[in-house]
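Below, read A as the first sequence line, B as the second, and so on, with proteins coming before strands; counting in each chain starts at 1.
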Protein chains: 2
Amino acid sequence: MGLNPGSVYGAYGNKHDLFIAAMRRYLEDVTREGIDRIAAAPTGREGIRSYFDYLTEGIVSGRRQWGCLGTNAFMEMADRDDTVQTIMKEHFDKLEVAFREALERDRADLPCRLEPVDFARYLVCVAQGLNVLSKTAPDRQKLNGIVDAAMLPVTALEEDCVR
Amino acid sequence: MGLNPGSVYGAYGNKHDLFIAAMRRYLEDVTREGIDRIAAAPTGREGIRSYFDYLTEGIVSGRRQWGCLGTNAFMEMADRDDTVQTIMKEHFDKLEVAFREALERDRADLPCRLEPVDFARYLVCVAQGLNVLSKTAPDRQKLNGIVDAAMLPVTALEEDCVR
DNA sequence: AATTTTCATGAATCTTCATTCAAGAATGCG
DNA sequence: CGCATTCTTGAATGAAGATTCATGAAAATT
């Protein structure tokens, strides 16, 4: 960035604090938009789909060329760095809540045996799995196939999806 | 391990080669058992469930206390290290094939619109998502809830799961 | 404009860590 | 047992990288 060490240390103190600030900003900027889409769609199901489409689009376009900064940091540092652990847990929680609220909006369509909260956690899991797989440089077709499968439980009652 | 640098360098040459050897061994030892369970079960669906149960049991028991070495290495190094990228892609492929073969055994029960290959990739994605979430130290109940939801597409036609 | 405060510079320092190597111990083999 | 080979030791080397600091430039304030 053309900055000298002294300026950076003057502004942020040390490398770790700088990183935490970058991570917070990343989650604000990049992740907020995805999460906001969940509630913005006309139905919960469409909101969830929109989240995953936004995620896959980022992966395919190269916007997420190095994967998700949050997930990367979490995988590398979470067991030694409480701040990273906490930030990322909060992020997971936000995402889980957004998914759960979406599912509760469509509750009438959900398979009966599962609670929205389990479903929401499951969707968080799928999102993180996609962040892992993003590092294999998957194409749009593969990602859409995965998301289609992941969405099946949410669309299970639509006749054209279940024989 | 009580070894001195010289001995390690004598045996493995350098840190990277040592790590690659450790990673290969890990995937042989730890991952093989999980994958083998998929084909060993009486039905494909039970095989898949058995894989995920093995995974969650590892997470809960502390056997996978630091997450999956393969996934960790992949997340941290894949974009700069072709060997890690290749090893892990091969691992994903093996897992995908095992899942696909399991799904093809139960094909009659699958939702009609999706190909087993997409389904298999989806299951690989869920497994990786679980490896990410393992770093939040989730309890057995949460993990089982996630796996139950993830398995729904595979059990979609069983009356007690879909209203 | 003069002065004070804030910010930028980049070379120097200090740490960490991967790697090497000369010397010594252990092991195998005739 | 004696020689050769292999393995182990742990301090030294060297490189990469995190951090500091004295100096100078810019901005703000009077």
Side-chain angles (χ1 to χ4, degrees), chain A residues 1-31 58-59 62-92 128 131-132 134-137, chain B residues 1-31 62-92 128 131-132 134-137:
Chain A
M1 299 175 67
L3 290 175
N4 293 305
S7 305
V8 175
Y9 276 84
Y12 290 95
N14 58 50
K15 195 176 103 157
H16 183 258
D17 287 357
L18 166 61
F19 179 75
I20 294 298
M23 186 174 163
R24 285 213 157 93
R25 169 143 178 194
Y26 173 89
L27 289 176
E28 281 302 313
D29 287 2
V30 178
T31 305
I59 292 170
R63 184 158 38 82
R64 284 173 176 262
Q65 194 164 3
W66 290 283
C68 170
L69 179 68
T71 304
N72 293 353
F74 183 66
M75 291 301 283
E76 183 172 333
M77 306 166 69
D79 40 2
R80 279 163 299 154
D81 190 315
D82 283 346
T83 309
V84 169
Q85 168 85 229
T86 301
I87 291 175
M88 214 47 199
K89 266 191 176 163
E90 283 169 10
H91 169 65
F92 290 149
Q128 294 311 305
N131 281 327
V132 173
S134 73
K135 303 235 165 188
T136 65
Chain B
M1 299 174 67
L3 290 175
N4 293 304
S7 305
V8 176
Y9 278 82
Y12 291 96
N14 57 52
K15 196 175 104 154
H16 184 259
D17 288 357
L18 166 63
F19 179 75
I20 295 298
M23 185 173 165
R24 286 213 156 92
R25 169 141 177 196
Y26 173 89
L27 289 176
E28 282 300 315
D29 286 2
V30 178
T31 305
R63 183 159 37 82
R64 284 173 175 262
Q65 195 165 2
W66 291 283
C68 171
L69 178 68
T71 303
N72 293 352
F74 183 67
M75 292 300 283
E76 184 173 333
M77 305 166 70
D79 40 3
R80 280 162 300 154
D81 190 317
D82 285 346
T83 310
V84 168
Q85 168 87 229
T86 302
I87 291 175
M88 216 45 200
K89 266 191 175 163
E90 283 169 9
H91 170 66
F92 290 149
Q128 294 311 304
N131 281 327
V132 173
S134 74
K135 302 234 165 189
T136 65

Taking all heavy atoms of B:N14 and all of B:Y9, pick out the closest pair and write down the distance. CA-CE2, 3.8 Å
Looking only at heavy atoms, what is the nearest atom pair of A:G67 and A:S134, with distance? CA-OG, 3.8 Å
Using a 4.0 Å heavy-atom cut-off across all strands, classify A:G6 as base, sugar-phosphate, or nothing. base
If only side-chain N and O atoms of B:N4 are considered, is one of them under 4.0 Å from the OP1 or OP2 phosphate oxygen of D:dG10? yes
Could you check whether any side-chain heavy atom of A:R64 comes within less than 4.5 Å of a side-chain heavy atom of A:V30, counting everything from C-beta outward? yes
In this structure, how many angstroms lie between the P atom of C:dT20 and the OH atom of B:Y12, rounded? 17 Å
Ring centroid separation B:Y12 to B:F19 under 6.0 Å: no
Which distance, rounded to the nearest 0.5 Å, do you find between the CH2 of B:W66 and the CG of A:D79? 8.5 Å
Separation of A:L3 atom CG from C:dG10 atom P, in whole Å? 12 Å
When you compare the side chain of B:F74 with that of B:H91, does any pair of heavy atoms fall below 4.5 Å? no
Minimum-distance nucleotide to A:P5 side chain [options: C:dA11, C:dA8, C:dT19]: C:dA11
Side chains of A:Y26 and A:C68 in contact at under 4.5 Å (non-hydrogen atoms): yes
Could you tell me whether the side chain of A:T71 reaches within less than 4.5 Å of the side chain of A:M88, counting heavy atoms only? yes
What are the atom names and distances for every N/O pair under 3.5 Å that joins the protein to nucleotides 16-18 of chain D?
from	atom 1	to	atom 2	distance (Å)
D:dA18	OP1	A:K15	NZ	2.4

Contact list please: residues 16-26 of chain B against DNA chain C, heavy atoms, distance less than 4.0 Å, in numerical order. none
